Structure formats: structure tokens, C-alpha cells
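Input: a single structure, listed below in C-alpha cells.
Just so we're on the same page: letters track the sequence lines, and every chain starts at 1. The structure presented is a predicted model; accordingly, all values stated were derived computationally and were not measured.
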Amino acid sequence: MISSQLVDLSRLQFAITALYHFLFVPLTLGLSFILVIMEATYVLTGRQIYKDMVKFWGKLFGINFALGVTTGITMEFQFGTNWAYYSQYVGDVFGAPLAIEGLMAFFLESTFIGLFFFGWGRLSKGKHLLVTLLMAVGSNLSALWILIANAWMQDPVGAHFNYHTMRMELTNFWTVVFNPTAQAKVVHTVSAGYVTGALFVLGISSYYLLKNRDTEFARRSFRIAAAFGLAASLSVIVLGDESGYTVTESQQSKLAAIEAMWHTEPAPAALNLIALPDQETESNRYDVQIPYLMGLIGTRSVTKTIPGIAEIKEKNRRRIENGIIALTALERLRRDPQDAQARELFRDHQQDLGFGLLLKKYTSDVSRATPQMIQQAVDDTVPRVAPLFWSFRIMVGLGFSFLALFALAFYYSAKGNFMHKRWLLKWALWFIPLPWVAAEFGWVVSEYGRQPWSIYGVLPTQLSVSSLSTESLHWSIAGFVLFYTGLLIAEMYLMVKYARQGPGSLGTGRYANEPSGT
Amino acid sequence: MFDYETLKFIWWLVIGVLLMGFAIMDGHDMGVGTLLPFVGRTDLERRAIINTVGPHWDGNQVWFITGGGAIFAAWPLVYATAFSGFYWAMLAVLWAMFFRPVGFDYRSKIDRPLWRKGWDLGLFIGGAVPPIIFGVAFGNLLLGVPFHFDDSLRSSYSGTFWQLLSPFALLAGLVSLSLLTFQGANYLMVRTEGAIYQRARKAALAFGVLLLVSFSLAGIWVSHMKGYAITSGASPDGLPNPLAKMVSVEAGAWLRNYQFYPWTKLVPALAYAGGVLGILFAYLRRPLSAFVSSSLAVLGVIGTAGVSMFPFVMPSSSDPRSSLTVWDSTSSQLTLGLMFGAVVIFVPLIVLYTSWAYKVMAGKVTTEYIEANSNSTY
């Protein structure tokens, strides 16, 4: 039996490294396209100020990108180091998009980022713009393949279990690629990156405007960010809603927990705007509801019901019971592949094999699971409600606040008087960190909400870990925290230094705060 | 398109090609990092050295990442078993590599001696530690690794980190370090001039000789050590199941491929030829030829390890039948075929645009150039 402590530590390490990596990804996704817009403007108008904008925002982009690369390597290897059984169990399916990401996207992005920084003066205007575009396309394609892989963890389509090789195997690659969960996820996540990039430029430009320096540079940057950000924040919300719709199809337990819906309600269900969920009594101590809204979002109809937690658990209880049969038959088949009766039993119940594996947390011999163990496994099938309920609401609330900010920023930049709206500039400046907060909570909703599974319905997180000692995990977590803290301090120091200094850091002689001695 | 057995063999070649691509491309960046504190004496010289790889290290590093991803997709059992078994070795590689992106990008952004010397040390660690550990890992593959599978194919590693550092494995680490540093020194000669060039040339000669000596010693050692051989049960075209075979352990088994297929002796011969020519061309001050030669040495050295062990990828010393081979640690036929298609499409493209990037940035990086472009170079 695998110690729960090992599982918890492995999860903690993955969460730390993934959340940390995700501090750098969104800005790369968004800022790269803002750089493309600025450089295209430069190529079209030939005005030097747009080239300076590409170079200055590119400098900040580079500082961020370095840590994105650094922390991304960890992610590529951590499946093998810490999730070995996961890797052997689903590598046939999950490995493919990761490898294609490297071949198709990461090479492109990483090769052209070198030319982006060093190719000025060696490339014609048009060619340099092409380089910047390929870099942006590369980073967005990276996100596409990673999120296809992630969507497969949420909604494992296009694959089946092979008892000869004891693993999931690919049956249809294009089903994996065109997984509806993946489509919604990709656009939602990538748009969130665009919001991050836009707010970053908007906020820092506002800072210069508030300080009344480099105003020409800041005004033009602000305008581009406002337009780009408005489009992106609309896209995030629309596609987030689409994610909500696909979640209801594939992961009812996640949705029920997000909504603190303990019992199935008559259609169309109400939406709990605010509630105090109580895991012990499986009810909400207090709630503010909006009638009908949940049913409309979740099912796009007024007649379909959304199952509540109690009903989902009852359904899962039956699946766990079937899973015991599947797993027992599988163990017989592993001993004797010719056992025709076991093969038939397995074939009839294998769609519930993953549910049987949930019991491995409590007993190594699943065929002798007690009713109490089964009850524990049933309770495990729905993630804890309060963390999901609140993470989701923080994310959505922030999403709408970004929309409001960008709508106003866009409105006043169209009117041309945003420079004088100090309240708006201050709002943009103070809001710089918040897209990251929303993104991190989004990760929690998506991945904590997938528990107890690493692959939804197929492989429990409990079984996915490597056979390591808890002592190893203590030390490796300590090491990651140490390294990542040091790197973050260096990164933040440089980012703040250059953001404060502004375009003067380019040393062109055209801006405030030129470096001394040049 | 291809039958399963052919695909499995192709993937052994593809993984080999990706590892060689990594060693040639990221390898020379790492070699440059290793040499940085010794070949560059002043800050300006060091900046010149860093800027020879500045526009390219990031793309080159993707060979490493894609290699990892390809092993995940094509050899999931190897990915799972090796990475979790070599846990601390893998983390040491990762943590050493942390210094590179930030070292390259952040070093020149603050003009304080302590900050810059700190990152120089970081770039040295990021350049020297990974090659040593990769060599040590290959050494351990040749020796066999203590791991086994249970009936549900969950792997357990029963050794320790310190156990990996046996004398033979350390020798393999030296082979790998001298190979990549040799490669890096030749690259530096291509892209620099003056004092840096002279010092890089000395380094190329020294590490070239060290490579030939350590590679020869390792070869003699391998010919006497216990190797592994499949005795029954593993059908190359069957569904992968590492527990379905029997394996014998016998001295000299790692030489069997060279006896059965004498033409494979060309592979170690290539390592020697590349090494000798690389030294010769460095001596004759023909850096580009020297770089091509040491790249051939990379092919020869990695190829030699691969051919010696074939069809084994990761033999188990504690439970030989758990050993992972080319035939029983692969993905399904569908995944192998699909991923091969992706490799056929994308690897030539990568080579094409990488070559273009080098062409755009071609020429010597001088200290004068760094001084003139202080705000836009590393």
C-alpha cells in the first residue's frame, strides 16, 4: 500500500512547481502578441517610438521568459520523477502531446526568441516582425498542446485500457486533439494570458502617466493594451462559460462542488452566488441564490437537471462495486491470460476499473473491501467543496473586474482623455498583480477539482506516484522552495528595476531615466 | 505503414538521434558554460563568450526537453523507471540547469562584480554538472540498475543516490564531460578571436585528449564487465511486457553485437576518428572543421553506448528479467507510428530554422562589439 503521506507530499510538490511555473506562462502568452501588434505598427508606420516600445516591453518579456523556461523544464521531468506509475499508465496517450509540444512549438518559440533579441540590425524590418510573430505563435502553440494533454486528464477520450500492457493506450489521436474540453480550455487559458499581458502593459503605462514622464510612449502603449485587453477579457468570460458547459458533460462532481450543490434540484437549478458550505452535514449553512441561472449555464436548457453531490455519490457507489469486479477479473487475467471467464467479466466491467482502483487507498486486496472502505471511497469521489466554491468565485469575480477595467480604459482611450483620469490610471496600476491571482485560482479549480483522480475516472492520484521515500520528498520540496524563492527575488528585483526605469533603460537618449554614463 | 518490430527499432534510432542532437547543440552551450570562468578572464571577455551562445542556447536546450518528451511518449516505462529511480540525479540536473536561463539573461542586467561573478559560477554549474550526470547515468545503464516491477508494472528502485557514483560510472561521467567541453571549446574557436580564441584552442586540445583517453579506458572496462543478454521470451513484434522474458548476465556480453555484426565496429571507430580529427583541426586552427569533427565524436560516443547495449535500454541488476529493452518498454504501435510521423515532419524543419538562426548571427563576437552594444547584449 502506498503511504498517504507520500501522495500528499508529491501533490504538494507538483502544486508548488506548477503554480510557480504558471506565474510566468500567462505573461509570455499575452505579452508576445502585444509585441507583435507593436512591431506591426512600427513596420507599417515606420515610427521609431513603436520600435522602442517593442524593445522596452521585450526587455520585460525576456526577464519573465527566462523563469518560464527554467520552471518549465521541471514540469517536463516531474511526471517521470514523481509520478512514475502515472507515466507508465498513460504515457502512451499523454506523452504524445507533450512530445509534439516540444517538436512543433517549443523549438519554434525558443529559437526565434534568440533572434528577437539579437536580430535587430541583422534582419530587415519585415523579417524581424516575422521572427516576433513566430515566437508568439510558438508560445501559443505550446499552450495548445499542453492544454490538450491537460484536457485529456480531465476528460480521457480516445483511449482504452489494455490488460496485456497494464496501461491506457491511444485509440484515436484526433479525438484527443479535438476533445471539446480541450477546445474550451485552450481558448479560456490563452485568453487569460492575454488579459495578464494587457493589464501588465496597461498598469505600467499608467504608472508613467501618473508620474508624468515618457507620456508619449506610455499613451501609445496604454491604447494598445486597452483594446487588446478588452477583447481578451470578453473571450475569457465567454470561454470560461463554455468550460462550465463542458464540465457538466464530463465532470459532474467538479461542477457540483464548485456550486456547493449537495442535492439535485428541479430544473432549471438556481445558482449559489454566495454560500457557506459545510462538508460535515453536506449542506450550506447560508446562501444567496439566483434562480434558474445554474441550470441555464450548465445545461443550456430549462428542462435538464444537474446532479447534486448526493446523487453523484450514489452513482459512483455502483461504479465502485462494478470496479471491484473489474479489478478482481484483471488480477486473474494477469496471472492467467487464458482465463476466458475472467476475460469476459473484465470486458463487461472495465469501464469502471478506475473506480475499483479507488479502493487501493484502503486495501491491497480490493475483493475483500469492507462496506466501510467502500463508503470512504464513495466519499472520496467528490472533491472538498469549500476550497473549490471559493476559488471559483474569486476567479470569476476578478474576471468581471478586469472586463470593467478594460471597458473603461477602452472607452476613455477612444475619447482620448484617459491621461487625465487619475482614478483609472491608479486602478490599472494597483490591479497589475490580480490576473496572476485569478490564474492561480483557475488552476486550483481545474486541478483540485479533478481530485481524487489524476486521470478522471481512470487512474486515482493515490496510485499515480513514484515509489519514493517521504524523506526524499521532504528534501526535494525544500530544494524547490529554496531555488524558486531565490529566483523569484532576482526576477522581481529586475522586473521592478526596469519597469521603474522605463524606456530610458534602452539607452537611446530619447527618454527619462537614461542610464548614467551613456 | 511499418510493422511493430520495425517501429520499435526506428524509435531506438530516433531517441538516439534526439540525444545526439542534444549533445551536439545544447552540449556545446554547456561546454561553453563549463569553460566560461577559465577561458574568459575579464568581465568583457566573459560577456563575449556568453554572447556567442546568447541567441541560441534557448533553442538548443529544447533538444533536452524534447528528448525527455519523446522518451515519455515512446518509452513510457523507461521514462517512469529511470526518472524516478535516478530521482536525485535528475533533480541535480534540473537544479543545475536552473542557473542557465537566468544566468544568461540576468547576468548583464546589473553591473556589480558580485552579481556577475555569481552568475558565472551558476553558468559553470549549469554547464558542467549535467554532462557529468548524464555520463554517470549512462555508466549505470551499462552496469545495470537495481530496480524491479511488481505485477501491476509499478517500478521500485532499491539503490541509493550514492550507489550511482561507482568508479566506472564516474569514468563515464568524465567521458561525457570531456566530450561536451571539447565540443564547446571548438565552438568557441569558431565564434571568437584573440585571447579567448587562444585559450579555447588550448582547452580543445586538452579535452580532446582527455576524451580519447577516458573513452579508451571505459571501452576496456566495458569489455570485461558483466553485460546482459536476452535468453528467451521477448518477441520483438509482441505487446510490450518487460516481465515476459528471461535474461542472463555474463562477462563480455556488451561486446556481442560487435561480434555478430562486425560493421557496427564503425561506430566506436567514428568516435576515435572524430576525436583525433577534432584535435588535429584545433591544432591547425581550423575551428569549423574541428567543430564538425567533435560533433562526429559525439555521434560515435553515444552510438557506442547504444550499440553495446542493444536491445537493452535499462538493464536491471537486481531482477534481470525486469530489464527494459527496445522491444518491451515501448508505446503502442499507433503512438509510435504517429510520433514517428511528427518527428519526420518537424525535425527537418527544426534543423532548417536553427541553421537560419545561426546564419543570421554568424561571425565573430568581439569585446569591441559587446562594448558598443552594452544595453542590448547579454
Side-chain angles (χ1 to χ4, degrees), chain A residues 62-63 66-67 69-70 72-74 76-77 79-82 84-85 87-88 91-93 95-96 98-104 106-108 110-111 113-115 117-120 122-123 162 164-167 169-171 173 334 466-468 472 476 479 483 487 490 494 505-507 515 518, chain B residues 54-59 61-62 64-66 68-70 72-74 76-77 79-84 87-88 90-91 94-95 97-98 101-102 104-106 109-110 151-157 239-241 331-332 334-335 338-339 342-343 346-347 350 353-354 357 360-361 374-377:
Chain A
I63 294 169
L67 276 201
V69 172
T70 307
I73 316 173
T74 307
E76 184 88 21
F77 287 83
F79 294 104
T81 52
N82 290 78
Y85 198 63
S87 303
Q88 104 82 13
D92 195 77
V93 192
L98 286 202
I100 294 175
E101 185 264 345
L103 289 166
M104 181 196 276
F106 199 40
F107 258 117
L108 192 70
S110 301
T111 305
I113 197 174
L115 288 183
F117 284 112
F118 294 90
W120 297 106
R122 289 174 185 257
L123 293 164
N162 182 340
H164 297 286
T165 51
M166 278 302 284
R167 66 182 179 199
E169 292 184 351
L170 193 64
T171 52
F173 178 67
R334 292 292 296 172
S466 301
S467 316
L468 294 165
S472 287
S476 58
F483 268 103
L487 290 173
L494 286 178
S505 61
L506 299 174
T518 51
Chain B
H56 310 293
W57 68 267
D58 201 347
Q61 181 166 281
V62 184
F64 177 68
I65 291 160
T66 300
F72 195 174
L77 276 166
Y79 177 82
T81 311
F83 287 23
S84 62
Y87 189 67
W88 282 104
M90 283 309 302
L91 287 188
L94 278 183
W95 290 350
M97 287 180 79
F98 282 176
V102 280
F104 286 123
D105 199 73
Y106 291 1
K109 289 195 160 60
I110 292 177
D151 190 51
S152 64
L153 287 188
R154 179 182 296 279
S155 70
S156 302
Y157 173 74
L239 289 172
N241 177 7
S331 286
S332 65
L334 179 62
T335 300
L338 181 95
M339 289 308 303
V343 165
F346 289 111
V347 170
I350 292 162
Y353 60 64
T354 303
V360 170
M361 298 309 302
S374 195
N375 283 320
S376 60
T377 50

Once the angle between the rings of Tyr79(B) and Phe72(B) is folded into 0 to 90°, is it parallel (under 30°), tilted (30 to 60°) or perpendicular (over 60°)?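 If you compare the ring of Tyr79(B) with that of Phe72(B), the planes turn out parallel.
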
Does any heavy atom of chain B fall under 4.5 Å from the side chain of [X], the backbone, both, or neither of them?
{"X": "Leu170(A)", "result": "both"}
{"X": "Glu169(A)", "result": "side chain"}
{"X": "Leu468(A)", "result": "side chain"}
{"X": "Leu108(A)", "result": "both"}
{"X": "Ile100(A)", "result": "both"}
{"X": "Ile63(A)", "result": "both"}
{"X": "Phe483(A)", "result": "side chain"}

Taking every heavy-atom pair that is under 4.5 Å apart, which of [options] has the most such pairs with chain A?
{"options": "Asp58(B), Thr377(B), Ile110(B), Thr66(B)", "value": "Asp58(B)"}
{"options": "Ile65(B), Leu77(B), Leu239(B)", "value": "Ile65(B)"}
{"options": "Asn241(B), Thr354(B), Val102(B), Val347(B)", "value": "Val102(B)"}
{"options": "Trp95(B), Trp88(B), Phe346(B)", "value": "Trp95(B)"}

With a 4.5 angstrom heavy-atom cut-off, could you sort out which part of [X] is near chain A: side chain, backbone, both or neither?
{"X": "Ser376(B)", "value": "backbone"}
{"X": "Leu91(B)", "value": "side chain"}
{"X": "Phe64(B)", "value": "both"}
{"X": "Met361(B)", "value": "both"}
{"X": "Leu153(B)", "value": "both"}

Let's test your reading of the structure: which of [options] forms the most heavy-atom pairs below 4.5 Å with chain B?
{"options": "Phe106(A), Phe77(A), Phe117(A)", "answer": "Phe77(A)"}
{"options": "Leu98(A), Val69(A), Leu494(A)", "answer": "Leu494(A)"}
{"options": "Ser466(A), Ser505(A), Ala96(A)", "answer": "Ala96(A)"}
{"options": "His164(A), Glu76(A), Met166(A), Glu101(A)", "answer": "Glu76(A)"}
{"options": "Asn162(A), Thr111(A), Thr81(A)", "answer": "Thr81(A)"}
{"options": "Trp120(A), Phe107(A), Tyr85(A)", "answer": "Phe107(A)"}

Do Ser467(A) and Tyr157(B) have side chains that approach each other closer than 4.5 Å (heavy atoms only, starting at C-beta)?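 No - every pair of side-chain heavy atoms lies 4.5 Å or more apart.
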
For Asp105(B), give me all partners under salt bridge (charged side-chain N to carboxylate O under 4.0 Å, His left out), at least two apart in sequence or on another chain.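 Result, salt bridge (charged side-chain N to carboxylate O under 4.0 Å, His left out) vs Asp105(B): Lys109(B).
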
Give me the atom names and distance for the closest heavy-atom approach of Tyr87(B) to Ser476(A).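 That closest heavy-atom pairing would be OH-OG, 2.7 Å.
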
How close do Phe83(B) and Met90(B) get, counting heavy atoms only, and between which atoms? O-CG, 3.8 Å

Is Arg167(A) reaching over with its side chain to a backbone N or O of Asp92(A), donor-acceptor style, under 3.5 angstrom? no

